[in-house]
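Below, each value reflects all heavy atoms present in this structure, side chains not excepted, and no hydrogens, waters or symmetry copies.
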There are 2 protein chains.
Amino acid sequence: MTQSKTDPRVLRTRKLIMDSFIELSGEKEFKDITVKDITSEAMINRATFYYHFEDIYDLLDKVLSEVLLVNLNCDVYENNELNEAMLVAIFQAITNFQKSLSNRCHRGYEDTIARIIREQLEIIFYKRLLKQCPTENEQALKVTAVMLSWGIYGVSVEWSKNNQQVPPEEFIKSAIPYIIAGINIGFAKGE
Amino acid sequence: MTQSKTDPRVLRTRKLIMDSFIELSGEKEFKDITVKDITSEAMINRATFYYHFEDIYDLLDKVLSEVLLVNLNCDVYENNELNEAMLVAIFQAITNFQKSLSNRCHRGYEDTIARIIREQLEIIFYKRLLKQCPTENEQALKVTAVMLSWGIYGVSVEWSKNNQQVPPEEFIKSAIPYIIAGINIGFAKGE
DNA sequence: TTCAATCTGTTGTATATCCGACAAATCGAT
DNA sequence: ATCGATTTGTCGGATATACAACAGATTGAA
């Protein structure tokens with residue numbers, strides 16, 4: 001499915017780097033974290049960092065993607081239809097993620113984080129739509145995925161700002177009928 | 001003091017192996033633990049195990065030594081005289097060690113474990129005596145160290161068998177006068 | 001501004017680890 | 001006692017990581 005086999009050394013090292021980065025993120029702001037900090041926390045050589053990541057922004061990118069994806073994959077790949085339950089699950093994953101990670105650290109990088117989350121959502125939606133509507137025009141699916149990712153992420157921002165007392169699953173439900181309708185109007189379930 | 005610098009890779013790998021071995025020792029008996037078990041728990045290649053250890057007995061040897069030494073070094077290297085307080089501390093380290101590790105696992109390897117502990121004790125005593133009595137005949141110091149290590153270990157076995165309700169520091173105290181006397185008769189404090 | 005100090009990426013070489021394969025040894029069941 | 005299955009140690013070739021050094025960029029204080 002993913003890649004057949006990866007050298008265990010790279011798995012170990014990548015994990016060491018990512019864990020160290022997450023650890024340091026809890027201690028100080030992103031802008032104050034240097035590559036040296038990360039590699040000495042991880043007890044690996046600084047050059048090895050650059051063997052795995054282009055720079056510290058690339059690391060941020062991959063860490064965020066991975067953390068978000070871990071939350072998502074569990075729920076998403078059990079259901080296989082893009083229905084109400086799945087959308088609720090995704091929305092919850094996003095709000096969980098925002099509560100756990102992006103709030104407590106990375107001040108000043110909210111925009112970067114937002115972009116990464118949206119990109120990940122877009123990828124997930126697109127894959128899902130492709131599988132669900134294989135006969136449909138790919139361009140149309142792409143546009144739908146973009147719209148969904150921006151739209152749902154926007155709702156999560158709104159929830160963070162003004163409605164954290166409402167349970168996320170509750171909050172998203174009021175938007176779901178529009179979403180489902182939008183999908184079904186565009187192209188009626190793979191027909 | 002020890003060695004100037006060791007490659008961080010070997011530190012990581014040795015720790016992974018030793019930790020995995022200790023972990024597995026809690027789950028099953030020593031005789032049922034294979035090298036494959038250890039290396040797959042540690043997520044390292046089996047060949048790498050043999051790069052660090054001769055075989056699984058060598059690993060047992062080093063793990064026991066290291067665990068025991070960790071207990072000892074804290075206490076021993078603060079005091080620098082081989083006096084009553086230090087002997088009590090050493091005895092406590094041994095009984096602690098026996099309670100924590102050798103009882104719960106490694107059934108059937110008590111003799112091996114006993115030998116390893118005695119060897120370690122002998123090394124520690126010899127070093128200490130050398131520093132304390134630099135003018136004395138080395139052969140005499142060696143003999144004293146051997147006698148001390150066997151004797152004190154024997155007392156700890158006796159304690160384990162029949163007197164665990166007595167506090168170790170209490171138990172060893174009754175033997176200490178003889179020990180100290182023995183040292184001082186043989187060669188009067190480095191004169 | 002200027003200067004010193006730190007940080008960033010990059011490179012070449014040495015070495016630890018991986019991987020697959022192998023023969024010999026050991027184990028367990030028939 | 002025999003046979004298949006596992007384990008043990010070992011090896012050679014491939015690859016990831018360590019290390020030291022470097023020039024350029026960035027930072028922070030005088």
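Remark: B:Glu84 CD to B:Ile176 CD1 distance equals 4.5 Å, nearest 0.5 Å.
With contacts defined as side-chain heavy-atom distances shorter than 4.5 Å, the pair A:Trp159/A:Gln164 qualifies. Side-chain contact check for B:Leu130 versus B:Leu141: some heavy-atom pair is nearer than 4.5 Å. Using a 4.5 Å heavy-atom cutoff, the side chains of A:Val155 and A:Ile152 are not in contact. Looking at heavy atoms from C-beta onward, B:Leu16 lies in side-chain contact with A:Arg12 at the 4.5 angstrom threshold.
End-to-end axis angle of the helix from C:dT1-D:dA30 to C:dT30-D:dA1, from C1' rotation axes over five pairs per end: 60° (rounded to 10 degrees).
Minimum interatomic distance between A:Thr48 and A:Thr13 (heavy atoms only, all atoms of both residues): CG2-CG2, 3.9 Å.
Side-chain atoms of B:Asp61 never come within 3.5 Å of backbone atoms of B:Asp58 as a donor-acceptor pair (strictly under, hydrogens ignored).
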*asked:* Treating primed atoms plus P, OP1 and OP2 as sugar-phosphate and everything else as base, which nucleotides of nucleotides 5-10 of chain D get B, S or - for protein heavy atoms under 4.0 Å?
replied: ---BBB
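Ring centroids of A:Phe30 and A:Tyr57 are separated by less than 6.0 Å, placing the two rings close together.
One can place CG of A:Asn45 at 6 Å from P of D:dC19, the figure rounded to the nearest angstrom. As rounded to whole Å, 14 Å separates atom P of D:dC11 from atom OH of B:Tyr51.
A salt bridge links A:Asp19 with A:Lys15: the distance from a Lys NZ or Arg NE/NH1/NH2 to an Asp or Glu carboxylate oxygen falls below 4.0 Å.
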*A:Phe21 and A:Phe53: ring pair (Phe, Tyr, Trp, His ring centres under 6.0 Å), yes or no, with the steps?*
CA-CA 13 Å; A:Phe21 176 64; A:Phe53 305 96; 9.2 Å; no
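Here the range on DNA chain C touched by chain B, meaning any atom under 4.0 Å from one of its heavy atoms, is C:dT15 to C:dA21.
Within the nucleic acid shown, B:Arg14 has no heavy atom closer than 4.0 Å to any nucleic acid atom.
Closest-nucleotide positions on DNA chain C for B:Asp7 and A:Pro8 were compared, and the one nearer the 5' end corresponds to B:Asp7.
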